[in-house]
A.B. asks: 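What follows is a single structure, and I will ask about it in a moment.
Naming convention: chains lettered A, B, ... in sequence-line order (proteins, then strands); numbering from 1 in each chain.
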Amino acid sequence: MERIYIKDLRDYFGKEIELQGFVDNIRDLQYVQFLILRDYTGKVQVTIEKNEENSKLNAIVSGITIESTVKIKGTIVENEKVKLNGYEVIPSVITETSRCLEELPLNFKDSSSALIDTRLDNRFLDLRNDNNILMFKIQSYLVQCMREYLYENDFSEIHTPKLIGAASESGSEVFEVKYFDRLAYLAQSPQFYKQMAMSSGFDRIFEVAPSFRAENSNTNRHTTEFTSFDLEFSYIDSYEDVMQLEENMLTYAITKVNERYGEIIKNAFGTEVVVPKTPFPRVKLPDLYKELKEKYNFEMPSLDVGDMNAESEKLAYRYAMEKYNSEFIFVTDFSPKKRAFYHMRKDGIPQGFDLIWRGVEITTGAQREHRYDILKEQAKEKGLGADVEFYMNFFKYGCPPHGGFAIGVDRLTMLLLNIPTIKESMFLFRGPNRLTP
RNA sequence: GGUCCGGUAGUGCAGUGGUUAACACGUCUGCCUGUCACGCAGAAGAUCGCGGGUUCAAUCCCCGUCCGGACCGCCA
């Protein structure tokens, strides 16, 4: 029999259908039993009167445990009495297809009733929560829309290695892996390979893949393994082209997410999807600090001028909202000391940016230095030598001017849905103290 | 890595230097004329994170250790 989803039941009134799902709840009264069936599209009430004719069904329902899975054949009928959607299933056959054997280790229906650590220990159950399932449908759609935008703009998706032979930048923040009789590293970014694709003439590429960072970071927005949405493209005139691509892509994706999920997100997560307007405001870091000083009496600790910290990111958001009514703001003109050697510089200023959304950094991007001699000089200045030799070769044989950026998908999801921690906005969190499940 | 805070039934929490460690949800049993967060009654369920110390006596005080949380740093 054809599989019917609960969300489509309205199309089958009066017909015999077959449903499958989890037993969400059972209310076993004296003369009637109610079984609430749940699949990933919704819930429906299955009603069984207690009588001679139904004695077999009554026995099955009495013996069933909540969260077992069942297959139900029955007829879907309208009934005003039912508060859940106004219809119910009158079953002819109920088959238990798997059994929940033990008491659940947490009440996944109420996320606030268990600590995040308990939830992560039992993530497969925690994810049965309606909002969690919804969150991943939305994340999936968001990424689909970003991909869609790029495909429409002649980008191709590539897949770069995550096992690498040399630590890509500093070496201090990569995981070592035993690789036969020597060491390998887990990629902390596809940066070098994205640029290799530019050198290879791929012109416009992106990748959605894991990145690994061996940083002992304990915050609500860091994880040792995250999904990075990376892209790189050629023949740009400046990093302004990179910012434009990013704001257009995000606006396209958020517009579509809002169309499909805006109302649902408001109801489920209590937060508004705000479709941004392009162009996003842009501010130079020194100018931003002048404004933050004037408006909020904020001053960076002097050692950190040329970079941002958590507080200045939050204030940058406040500033963007108050002055531009924008949740997004591009910040440019960081100190070269704080930026990677491969960022192009002009008059000593890195030609790159951070994008702050709702007070959190979601992107670093830049025009890259594609001129061999200058790049070599900048690498030397950062103390990089043999480790980047293979990379330097990309620029010896002609390489288009290019740039790109990376977005953290899990952070993006967290911010879009106003989820308090990245531990919840990724399928399985990985942190300094968590490698399981 | 730093600072602060926490670890007590399945889950979330209360509490005490000494008798039976309280409460809510969940679980189980019985009852209940259609429930819809069903309701009612009862029952079971806790080496009080682990190791050491102080004490007549430690779940409680002290030290160590492990685990976790919030914020900061690092970044996506």
A.B. asks: Rounded to the Å, how far apart are A:L115 CG and B:rG7 P?
C.D. replies: 11 Å

A.B. asks: Under 4.0 Å, heavy atoms only, any strand: does A:T227 hit a base, just the sugar-phosphate, or nothing?
C.D. replies: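 No contact.
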
A.B. asks: For the pair A:F212 and A:F175, evaluate ring-ring contact (aromatic ring centres under 6.0 Å, His included) and give the outcome as yes or no after the intermediate values.
C.D. replies: CA-CA 7 Å; A:F212 305 90; A:F175 287 107; 7.0 Å; no

A.B. asks: When only distance counts, do a donor and an acceptor, one from the side chain of A:S217 and one from the base of B:rC75, lie under 3.5 Å apart?
C.D. replies: no

A.B. asks: Going by 5.5 Å between centroids and 30° between planes, is there a stack of A:F34 over B:rG34?
C.D. replies: no

A.B. asks: Are OP1 or OP2 of B:rC71 and a side-chain N or O of A:K314 less than 4.0 angstrom apart?
C.D. replies: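 Negative; the distance criterion is not met.
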
A.B. asks: With rounding to the closest Å, how many angstrom separate the C1' atoms on B:rG45 and B:rG26?
C.D. replies: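 Between the two C1' atoms, the distance is 11 Å.
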
A.B. asks: Between P on B:rA9 and CG on A:L106, what's the gap in Å once rounded to a whole number?
C.D. replies: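 It is 15 Å, rounded to the nearest whole Å.
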
A.B. asks: With a non-hydrogen cut-off below 4.0 angstrom, is A:S211 in contact with a base, only sugar-phosphate, or nothing?
C.D. replies: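 If one applies the 4.0 Å heavy-atom cut-off, A:S211 turns out to touch nothing in the nucleic acid.
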
A.B. asks: Using 4.0 Å as the upper bound for N to carboxylate O, is an ion pair formed by A:K293 and A:E299?
C.D. replies: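 Here A:E299 pairs with A:K293 in a salt bridge, since their nearest N and O are under 4.0 Å apart.
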
A.B. asks: According to the Watson-Crick and G-U wobble definitions, with both distances under 3.5 Å, which nucleotide is paired to B:rA43?
C.D. replies: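 By the stated definition (distances under 3.5 Å), B:rU27 pairs with B:rA43.
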
A.B. asks: Measure distances between side-chain N and O atoms of A:R411 and base N and O atoms of B:rC75, and say whether any donor-acceptor pair falls under 3.5 Å.
C.D. replies: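 Such a pair is found, so the answer is yes.
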
A.B. asks: In Watson-Crick or G-U wobble terms, both distances under 3.5 Å, what is the partner of B:rA21?
C.D. replies: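 The answer is none; no pair meets the criterion.
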
A.B. asks: With a non-hydrogen cut-off below 4.0 angstrom, is A:K43 in contact with a base, only sugar-phosphate, or nothing?
C.D. replies: nothing

A.B. asks: Under 3.5 Å for both donor-acceptor distances, Watson-Crick or wobble: does B:rC13 have a partner, and if so which one?
C.D. replies: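 Base-paired to nothing in any strand shown.
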
A.B. asks: Please classify the nucleic acid contact of A:Q33 as base, sugar-phosphate, or nothing, using heavy-atom distances under 4.0 Å.
C.D. replies: nothing

A.B. asks: Do the side chains of A:E157 and A:R147 get close enough for a salt bridge, i.e. N-O under 4.0 angstrom?
C.D. replies: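 Counted as a salt bridge, because a side-chain N and a carboxylate O are separated by less than 4.0 Å.
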
A.B. asks: Using the C1' atom in both, what is the distance from B:rC23 to B:rG18, to the nearest Å?
C.D. replies: 23 Å

A.B. asks: Remember a base hit wins even if backbone is also touched, and classify A:E67 as base, sugar-phosphate or nothing at under 4.0 Å, heavy atoms.
C.D. replies: nothing

A.B. asks: Looking for any heavy atom pair under 4.0 Å, which part of the strands does A:D230 touch: base, sugar-phosphate only, or nothing?
C.D. replies: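 Since no nucleic acid heavy atom lies under 4.0 Å of A:D230, the category is nothing.
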
A.B. asks: For atom C1', what is the distance between B:rG7 and B:rC50, given to the nearest Å?
C.D. replies: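 Result for the C1' pair: 11 Å, nearest Å.
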
A.B. asks: Mind listing the side-chain donor-acceptor pairs of residues 238-245 of chain A below 3.5 Å, one per line with the distance, residues two or more places apart or on another chain?
C.D. replies:
unit_1, atom_1, unit_2, atom_2, d
A:S238, OG, A:E240, N, 2.9
A:E240, OE1, A:R282, NE, 3.1
A:E240, OE2, A:Q244, NE2, 3.1
A:E240, OE2, A:R282, NE, 3.4
A:E240, OE2, A:R282, NH2, 2.9
A:D241, OD2, A:D237, N, 2.6
A:D241, OD2, A:S238, N, 3.4

A.B. asks: If you look at every strand shown and take non-hydrogen atoms under 4.0 Å, does A:E88 touch a base, only sugar-phosphate, or nothing?
C.D. replies: base

A.B. asks: Sticking with atom P, work out how far B:rU16 lies from B:rG6, rounded to a whole angstrom.
C.D. replies: 14 Å

A.B. asks: With both distances under 3.5 Å as the test, what is the Watson-Crick or G-U wobble partner of B:rG73?
C.D. replies: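 No nucleotide pairs with B:rG73.
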
A.B. asks: Mind checking the P distance from B:rC60 to B:rA24? Whole angstroms is fine.
C.D. replies: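 Their P atoms lie roughly 26 Å apart.
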
A.B. asks: What interatomic distance, in whole Å, is found between C1' of B:rU19 and the corresponding atom of B:rU35?
C.D. replies: 45 Å

A.B. asks: Consider the side chain of A:I116, meaning its heavy atoms from C-beta on, and name the nucleotide among B:rA37, B:rU11, B:rG69 that approaches it most closely.
C.D. replies: B:rG69

A.B. asks: Compare side-chain N and O positions of A:K50 against OP1 and OP2 of B:rC32 and report whether any pair is under 4.0 Å apart.
C.D. replies: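 No.
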
A.B. asks: Where each residue is assigned the nucleotide of RNA chain B containing its nearest heavy atom, which of A:A114 and A:V32 is assigned the position nearer the 5′ end?
C.D. replies: A:A114

A.B. asks: B:rC72 phosphate, OP1 or OP2: any side-chain N/O from A:R221 under 4.0 angstrom?
C.D. replies: yes

A.B. asks: From C-beta outward on A:N79, which listed nucleotide comes closest to its side chain: B:rA76, B:rG34, B:rG10?
C.D. replies: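 Closest of the options to the side chain of A:N79: B:rG34.
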
A.B. asks: Please pick, from B:rA76, B:rC72, B:rA37, the nucleotide with the shortest atom-to-atom distance to any side-chain atom of A:N25.
C.D. replies: B:rA37

A.B. asks: State which residues pass side chain to side chain contact (heavy atoms under 4.5 Å, CB included) with A:E78; sequence neighbours excluded, sorted by chain then number.
C.D. replies: A:F13

A.B. asks: Please identify which of these residues, A:K109, A:K43, A:M135, meets the side chain to side chain contact (heavy atoms under 4.5 Å, CB included) condition with A:D130.
C.D. replies: A:K43

A.B. asks: Assign A:V82 to base, sugar-phosphate, or nothing according to its heavy-atom contacts below 4.0 angstrom with the strands shown.
C.D. replies: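 Touches a base.
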
A.B. asks: Looking only at atom C1', what distance separates B:rC25 and B:rG69, rounded to whole Å?
C.D. replies: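 Straight-line distance between the two C1' atoms is 22 Å.
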
A.B. asks: Quick one: is B:rC25 close enough that its OP1 or OP2 comes under 4.0 Å of any side-chain N or O from A:K109?
C.D. replies: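 Result: no.
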
A.B. asks: Closest-nucleotide mapping onto RNA chain B: is A:A406 or A:Q45 further toward the 5' terminus? I mean the 5' end.
C.D. replies: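 So the residue in question is A:Q45.
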
A.B. asks: So that I can tick it off, tell me whether A:E207 and A:K162 are bridged by a salt bridge, with the cut-off set at under 4.0 angstrom between side-chain N and carboxylate O.
C.D. replies: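 Answer for the salt bridge query: yes.
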
A.B. asks: Under a 3.5 Å limit for both distances, which nucleotide forms a Watson-Crick or G-U wobble pair with B:rA58, could you say?
C.D. replies: none

A.B. asks: Out of B:rA76, B:rC74, B:rG68, which has the shortest distance to the side chain of A:D117?
C.D. replies: B:rG68

A.B. asks: Just to be sure I understand the rule, does A:I362 reach a base, reach only the sugar-phosphate, or reach nothing, if contact means heavy atoms closer than 4.0 Å?
C.D. replies: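 The residue A:I362 makes sugar-phosphate contact but no base contact.
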
A.B. asks: To the nearest Å, give me how far apart CZ (A:R213) and P (B:rC75) are.
C.D. replies: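 Distance, rounded to whole Å: 9 Å.
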
A.B. asks: Give one of base, sugar-phosphate or nothing for A:T364, where a contact means two heavy atoms less than 4.0 Å apart.
C.D. replies: sugar-phosphate

A.B. asks: Roughly how far apart, to the nearest Å, are B:rU3 and B:rU65 at atom P?
C.D. replies: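 Going atom to atom, P in each nucleotide, I get 14 Å.
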
A.B. asks: Give one of base, sugar-phosphate or nothing for A:L120, where a contact means two heavy atoms less than 4.0 Å apart.
C.D. replies: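 Contact class for A:L120: none.
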
A.B. asks: Salt bridge or not between A:D410 and A:R221? Use side-chain N to carboxylate O under 4.0 Å.
C.D. replies: no

A.B. asks: Between B:rG12, B:rC71, B:rC74, spot the one nearest the side chain of A:H222, thanks.
C.D. replies: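 Selected nucleotide: B:rC74.
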
A.B. asks: Give one of base, sugar-phosphate or nothing for A:I36, where a contact means two heavy atoms less than 4.0 Å apart.
C.D. replies: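 Since no nucleic acid heavy atom lies under 4.0 Å of A:I36, the category is nothing.
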
A.B. asks: Ignoring backbone atoms, test whether A:N218 places a side-chain nitrogen or oxygen under 4.0 Å from the OP1 or OP2 oxygen of B:rC72.
C.D. replies: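 Looking at the OP1 and OP2 atoms of B:rC72, neither is under 4.0 Å from any side-chain N or O of A:N218.
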
A.B. asks: Is A:R345 salt-bridged to A:E381, cutoff N-O under 4.0 Å?
C.D. replies: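 Salt bridge between A:R345 and A:E381, a charged N being under 4.0 Å from a carboxylate O: yes.
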
A.B. asks: Output the rounded distance in Å from CG (A:L104) to C1' (B:rC28).
C.D. replies: 15 Å

A.B. asks: Mind checking if A:T223 touches a base, just sugar-phosphate, or nothing, with heavy atoms under 4.0 Å?
C.D. replies: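 Touches a base.
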
A.B. asks: Considering only B:rC72, B:rA76, B:rG34, which nucleotide approaches the side chain of A:T219 most closely?
C.D. replies: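 Given the options B:rC72, B:rA76, B:rG34, the side chain of A:T219 is closest to B:rC72.
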
A.B. asks: Just name whichever nucleotide pairs with B:rG68, Watson-Crick or G-U, keeping both distances under 3.5 Å, else none.
C.D. replies: B:rC5

A.B. asks: What nucleic acid atoms does A:L412 come within less than 4.0 Å of, heavy atoms only: base, sugar-phosphate, or nothing?
C.D. replies: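 Nothing, no nucleic acid heavy atom in range.
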
A.B. asks: Starting the side chain at C-beta, find the nucleotide from B:rC74, B:rC13, B:rG68 nearest to A:N433.
C.D. replies: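 Nearest to the side chain of A:N433 among the choices is B:rG68.
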
A.B. asks: Is A:D117 salt-bridged to A:R434, cutoff N-O under 4.0 Å?
C.D. replies: yes

